[in-house]
Amino acid sequence: MQQEAGWSACGSVAGQPGCLKIQSMNMRYDFKEIEQKQQHFWEKEGLFRLDDRKASRPYYCLEMFPYPSGRIHMGHVRNYSIGDVIARFKRMRGFDVLHPMGWDAFGLPAENAAIKHGIHPAKWTYENIDYMRQQLKRMGLSYDWSRELATCDPDYYRWEQLFFIEMMEKGLVYTKKSRVNWCEQCQTVLANEQVEDGKCWRCDTDVQERELDGWFFRITAYAEELLAGCDKLKNWPEKVLTMQRNWIGKSTGAEIKFPLKGRGEALTVFTTRPDTLFGVTFMSISPEHPMALELSRGTGQEEAVRDFIERWEKTLKAERYGETEKEGIFTGSYVLHPVTGDEVPVFIANFVLMEYGTGAVMAVPAHDQRDFEFARKYGLPIRLVIAPRDKKIDPDAMEEAWEGPGILVNSGEFNGLDNEEAKKAIVEFLEQQGKGSSKVTYRLRDWGISRQRYWGAPIPVIYCPNCGAVPVRKEDLPVKLPAEVEFDPKGRSPLPELRSFYETTCPKCGAAARRETDTMDTFVESSWYFARYICRDDDTMPLDRERVDRWLPVDQYIGGIEHAILHLLYSRFFTKVLRDLGYLSADEPFDRLLTQGMVLKDGAKMSKSKGNVVDPNTMIERYGADTVRLFILFAAPPERDLEWSDRGVEGAHRFLLKIWRLVTDNIEALRKSGNASNSGMQNAASMHPELKRLRQKTHQTIAKVTRDIEERYHFNTAISAVMELANELSPLLKEDSIERLPGEGLWPVALEAIEAMLLLLSPMVPHMTAELWKMLGHSKPLALEPWPEADSDAASVETVTIVVQIKGKVRGRIQAPAGASQEDVEKLAMQEPNVQRHLEGKGVRKVIYIKDKILNIVV
RNA sequence: GCCGAAGUGGCGGAAUUGGUAGACGCGCUAGAUUCAGGAUCUAGUGGGAGCUAUUCCCGUGGGAGUUCGAAUCUCCCCUUCGGCACCA
C-alpha cells in the first residue's frame with residue numbers, strides 16, 4: 001500500500017550523508033540484515049510473550065496506544081523507544097513484564113477518509129493497522145503481540161456496551177437535553193474537554209451551541225475522589241496533576257437565597273465570599289438563566305431585556321468570553337437582601353456563566369473586580385465591607401476592587417471580624433435562618449459521550465414509545481455497527497437513515513421501537529483498554545478480576561502531555577467506575593506516569609504544513625532501528641522536547657559502528673578469552689594499572705547506567721556513560737597497546753568491559769548488541785540475560801584527586817590515597833607551590849575538608 | 001490575572017545531597033591517511049588576559065542575599081514555553 005516507493009534508498013546513492021555502512025576489516029555492520037534476523041528470532045522464540053498467570057514478579061509497562069492514522073511519526077518512535085527501554089530493562093532485572101500494544105481504532109479520520117476516497121472506514125483502519133504494525137515491528141519493540149487489540153472490534157466494544165448498561169443501572173449514565181458544543185465541520189458534539197479556546201480540538205473550527213439530547217457519564221459524582229486522588233499520585237508529573245486539579249476546579253463557598261421582591265420565589269447564588277454579603281449592591285444573572293426574561297415581565301424592561309438576550313445568543317462562544325467588555329441590562333426586578341432586607345436590583349450580565357454555580361451571582365463591587373467594573377459602568381453603588389489592615393480605602397476614590405483580606409466593616413453584628421472567620425460566621429448565621437448553606441462547587445461537568453457519527457461504538461439503548469429509553473438486553477450484545485452503509489458527503493452519520501439498524505422492538509414491552517443511532521465518544525474505548533490487555537484471550541467476560549488485580553495499576557505509563565486532561569482524567573474516572581461495578585480493585589489506573597516531550601525540527605513541532613516532518617521509515621532505512629532508537633534516547637531526557645538533528649543521528653550511528661568494530665576486530669582474542677572464563681582475570685594487586693583503571697571504569701559505568709535508567713529514566717546520561725567506557729577501552733585495543741600490555745591480562749578485562757557495554761546498551765540498542773553477544777559465543781539470547789551487577793570493590797579507586805581551594809577558589813589539585821585524613825591532605829596541599837604562593841603572608845582562619853573531594857583553606 | 005515548567009559554550013545537553021561548571025555528542029580548527037571528496041584516526045575547542053605556569057580574571061537570564069563554597073538555597077526582576085481563565 002502506501003509509501004513503498006523510496007524504500008530501497010540506502011547504498012545506492014553514493015556520497016549521501018548517512019550512507020555510513022563502512023567496510024571494516026572483517027565484518028560489515030549490516031544493520032538491516034542484523035535487525036531482520038534478530039526480530040525474526042524474537043518472534044519465532046516468542047521471547048516477549050508473557051503468561052500473566054505464571055508471573056511471580058509482575059511489572060506492567062504501557063505506552064499510550066496509537067490511533068491508526070496511516071503511519072507512525074517521530075512522536076510514536078520516541079514514545080515507544082522509551083517504553084521499550086523500560087520494558088527490556090525490567091525484564092533483565094528479573095520482572096515478568098507485561099508489555100502490550102493495540103489500536104485506538106475508532107474515530108473521525110477513518111470516516112472522513114471513507115467520504116473522501118470511498119474506502120470503508122473498517123478497511124481503511126485495518127489496512128493502516130497492518131502497515132503500522134509492521135512499522136512497529138521494524139523498530140524491534142519487545143511487545144507481546146498476542147495481546148494486540150483494536151477497539152473497533154466488536155469483541156472489544158461489546159464489553160464497553162455492557163459497562164454502559166451496568167452504569168445505567170447504577171445511575172452513572174443519564175440522558176438529557178442540553179446546550180452542547182457542536183462542531184459543524186465534524187458534524188458532531190464535543191465534550192467540554194474537547195473544546196480549546198472555543199474551537200474544536202481536532203479541526204479548529206469555531207464551536208457552536210446546540211440544544212441536543214445526549215448521554216452523559218456522571219463523572220461529577222467522582223469529582224471529589226478524582227481531586228483527592230491527585231495527592232496520592234506521587235509518581236505523576238506535578239504539571240499533569242495541576243492541570244487535572246484546575247480542570248476539576250473545586251471551590252468552597254456558600255449558596256445564599258435572595259427572596260424576590262413581590263414574589264414567593266428566591267434567587268439562589270453561589271459565592272466563595274460570603275464574608276462580603278453586606279457589600280452586595282446588585283445581582284448579576286446569566287443571560288441563559290431560566291428566569292432572565294421572566295424577571296423583566298411587566299417592568300417596562302421586557303423588550304430591552306429580550307433584545308439583549310437575543311444579541312447575546314447570536315455571539316459565538318469563542319467571542320463571548322475572554323477580554324470582552326462587561327455589559328448588562330437591568331431586569332426591572334429586585335431581590336431583598338437576606339440580612340438587611342434592602343432592595344437590590346437584578347441585572348443580566350454578559351460575564352455570568354450559566355454552567356457554573358447557579359448562574360446567578362451576588363455582586364460586591366468593592367471586593368470583586370468584575371462587579372467593580374460593572375458598577376462603574378452602570379453607576380451602581382460601591383459599599384466597602386472589608387477594610388485591609390495596612391491601608392485605608394476610600395470607596396468613592398477606589399480604582400480597583402480590594403480582593404485581599406481584612407476586617408469586616410459596615411456589616412452589622414459581624415463588624416470587626418477577620419474576613420476568614422466571617423465566612424464561617426455568616427454562613428452559620430444564614431444556615432440558622434434557613435437562608436443559605438455552605439456549598440462546594442466544581443468546574444468539572446458531566447462527560448457527554450454521544451457522537452452523531454458512524455465510526456464508533458453504538459450506544460446500547462432502544463427508545464420505546466411506551467417505556468422510554470431502555471437498555472439493550474445484555475444477552476443481545478454486542479450491538480454491532482452495521483458494515484453496509486452509504487456515506488453522506490457532508491459527514492452526517494448514515495445510521496439514522498438505516499432502517500435495518502434502527503428498527504427494532506422494545507426489550508421490555510415488545511413494541512416497535514427505535515434504536516439509538518449515536519455512537520460513543522472514542523475516549524470511552526481508551527479509558528479501559530489497559531485493563532483488557534490483561535485478559536485479552538477471555539471471550540466470556542470483559543475483565544477477569546483475579547488476573548486484572550494482579551497487574552493493575554499499570555506500573556509505568558508513558559505518553560504525550562497532550563493527554564494530560566482528556567484521556568488521563570477519563571481513564572481515572574473509568575477505573576473508579578469499574579471498581580464500583582466490581583470488575584477490579586484498583587483505585588487508580590496508572591501508578592507512574594512519564595510524559596515525554598515533543599519531537600521538534602528547527603524549533604517547531606513537526607507538521608505537514610510546516611514541511612519539517614522527518615519520516616521514521618526513511619531514517620530506519622538509512623541508519624537502522626538501533627541508530628534511530630539510540631539517537632532519540634540520547635538527544636534529550638525523555639520529558640523534555642527533543643530537537644531532531646540529522647547530524648546527531650549520524651553521531652549515534654558512528655558510535656554503534658565503533659562498538660561493532662571494537663568487537664568484530666578483536667573477535668578471535670575475545671572469544672578465546674571468553675572460553676578461558678574468569679580464570680584469566682588476574683587479581684587486583686598484580687594487575688597492570690591501565691587495566692585496573694579499565695575495570696574500575698567498567699564497574700563504575702554499570703553502577704551509573706543502572707541508576708540512570710532505574711531511578712531517573714535519564715537514558716541520555718546512561719548512553720554517555722557507556723560512550724565514556726568505550727572511549728576508555730578503545731585506545732587499549734590499538735596495536736601498540738596490545739603489544740605493550742600483557743595479552744593474557746588484557747583480554748579478560750577487555751571482554752568484561754565489552755560484555756558490560758553490550759548488556760547496558762541492550763535495552764536501547766537491542767539488535768546489534770544481541771548479534772555481538774551471540775558472536776562472542778553466548779548461546780542464551782541477550783534479552784534473557786540478567787542485568788549486570790556492579791562490583792563495588794572493582795569500581796573503587798585507591799587514589800583520588802582532591803581539589804585545593806583557597807577562599808573558595810581552586811588553586812591546585814593533589815593526588816591522595818582514598819579516605820585520607822584531613823591532616824595528611826593538608827600536608828600534601830602545603831607542598832603545592834601554587835598553594836604556598838596564595839597562602840604567603842596570610843593567616844589560616846579555617847579549613848574545611850570534604851573527604852576525597854575538597855580542601856578549602858580560608859585565610 | 002492565576003498555576004506549572006524552564007533559562008548553562010556555536011548547538012543538543014551534563015553536573016544525582018550546596019563541593020573541580022561545561023561530562024557525552026554535534027559542529028568547528030589543525031594534523032595523519034587519501035588522486036580528491038567522504039569516511040577513519042590523533043590533538044585542540046567557554047570568553048579574556050598573560051611574567052606561557054600545576055598562572056590570573058570573568059563566566060550558568062539580570063540584581064541582591066545566605067555560605068568557607070551557589071547553576072543548585074532565599075528574595076526581587078526579566079524572558080520563553082505550557083495549562084487554566086469574566087469559575088462569582
Side-chain angles (χ1 to χ4, degrees), chain A residues 14-17 19-20 22-24 196-197 237-247 249-251 253 269-273 276 284 320-326 349-353 355-364 368-371 373-374 441-443 561-562 564-565 631 634-637 639-652 654-655 657-658 661 704 707-708 711-712 714 716-717 719-724 727 730-731 734 801-814 832-835 837 845-848 850 853-854 856-859:
Chain A
Q16 275 277 318
C19 268
L20 302 173
I22 294 311
Q23 293 286 143
S24 107
E196 295 167 356
D197 291 328
E238 199 47 47
K239 184 181 186 174
V240 175
L241 294 174
T242 306
M243 283 165 74
Q244 295 219 346
R245 286 190 189 104
N246 285 345
W247 190 259
K250 178 179 182 173
S251 42
V269 302
F270 172 74
T271 181
T272 54
R273 295 292 305 271
T276 64
S284 312
R320 233 180 247 165
Y321 305 114
E323 291 304 305
T324 49
E325 182 159 359
K326 295 189 179 31
N350 64 347
F351 61 89
V352 180
L353 307 168
E355 308 90 84
Y356 188 76
T358 63
V361 183
M362 64 178 216
V364 185
D368 182 285
Q369 187 57 26
R370 294 154 302 180
D371 297 343
E373 287 168 31
F374 195 88
T441 303
Y442 299 91
R443 210 188 75 106
I561 186 75
E562 66 273 17
I565 296 172
F631 167 72
F634 178 62
E639 63 277 9
R640 231 193 274 193
D641 284 350
L642 179 153
E643 175 69 28
W644 184 267
S645 152
D646 289 340
R647 300 278 200 185
V649 182
E650 287 176 31
R654 267 200 293 274
F655 171 64
L657 271 171
K658 183 174 179 170
R661 279 197 308 260
K704 168 148 179 73
R707 264 200 318 272
D708 281 351
E711 294 167 18
R712 312 197 298 163
H714 278 204
N716 56 333
T717 51
I719 292 165
S720 66
V722 180
M723 286 173 168
E724 283 185 53
N727 290 344
S730 67
K734 294 258 145 52
T801 304
I802 292 174
V803 171
V804 183
Q805 296 183 333
I806 290 159
K807 267 173 72 185
K809 295 207 166 180
V810 182
R811 299 298 180 195
R813 294 177 170 81
I814 52 172
E832 285 291 305
N834 201 41
V835 172
R837 234 182 39 195
R845 236 182 45 209
K846 196 169 159 191
V847 178
I848 291 126
I850 309 294
K853 273 189 178 157
I854 270 178
N856 190 3
I857 302 164
V858 188
V859 291

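If you're wondering where the values come from, they're calculated on a predicted model, not measured in any experiment. Below, chains carry the letters A, B, ... as their sequence lines are ordered, and counting in each starts from 1.
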Across the strands shown, which category fits [X] at heavy-atom distances under 4.0 angstrom: base, sugar-phosphate, nothing?
X        : result
A/Lys734 : sugar-phosphate
A/Arg443 : base
A/Glu643 : nothing
A/Pro637 : sugar-phosphate
A/Val803 : base
A/Gln805 : base
A/Asp371 : nothing
A/Ser645 : nothing

Residue of the set A/Asn856, A/Ile848, A/Val858, A/Ile857 for which side chain to side chain contact (heavy atoms under 4.5 Å, CB included) holds with A/Gln805: A/Asn856

Go through [options] for me and flag the one nearest to the [X] side chain.
X        : options             : result
A/Thr242 : B/C24, B/U40, B/G4  : B/G4
A/Lys239 : B/C84, B/C87, B/G4  : B/G4
A/Arg661 : B/C87, B/U40, B/G19 : B/U40

Does [N] have OP1 or OP2 sitting under 4.0 Å from an N or O in the side chain of [X]?
X        : N     : value
A/Arg647 : B/G27 : yes
A/Arg370 : B/C87 : yes
A/Asn716 : B/C24 : no
A/Asn727 : B/G25 : yes
A/Arg245 : B/C87 : no
A/Thr441 : B/C87 : no

Across all strands shown, which nucleotide pairs with [N] by Watson-Crick or G-U wobble geometry, both distances under 3.5 Å?
N     : value
B/A36 : none
B/C73 : B/G65
B/U54 : none
B/G22 : none
B/C41 : B/G31

With a 3.5 Å cut-off and just heavy-atom distances, do the side chain of [X] and the base of [N] make a donor-acceptor pair?
X        : N     : result
A/Asn856 : B/C68 : yes
A/Lys326 : B/C86 : yes
A/Lys853 : B/U20 : no

Salt-bridge contact A/Arg245-A/Glu238 (side-chain N to carboxylate O under 4.0 Å): yes

Closest-nucleotide ordering on RNA chain B, the 5'-leading residue of A/Tyr356 and A/Trp247: A/Trp247

Residue whose nearest RNA chain B nucleotide is more 5′ - A/Thr717 or A/Phe270: A/Thr717

Can you tell me the distance, in whole Å, between the [atom1] atom of [X] and the [atom2] atom of [N]?
X        : N     : atom1 : atom2 : result
A/Met723 : B/G13 : CE    : C1'   : 12 Å
A/Trp644 : B/G13 : CH2   : P     : 15 Å
A/Glu650 : B/G25 : CD    : C1'   : 13 Å
A/Ile848 : B/A70 : CD1   : C1'   : 14 Å
A/Arg640 : B/U8  : CZ    : C1'   : 10 Å

Glycosidic conformation of B/G47, taking syn as within 90° of 0 and anti otherwise: anti

Nucleic acid footprint by protein, nucleotides 49-60 of chain B - heavy-atom cut-off 4.0 Å, B for base, S for sugar-phosphate alone: -----BSSSS--

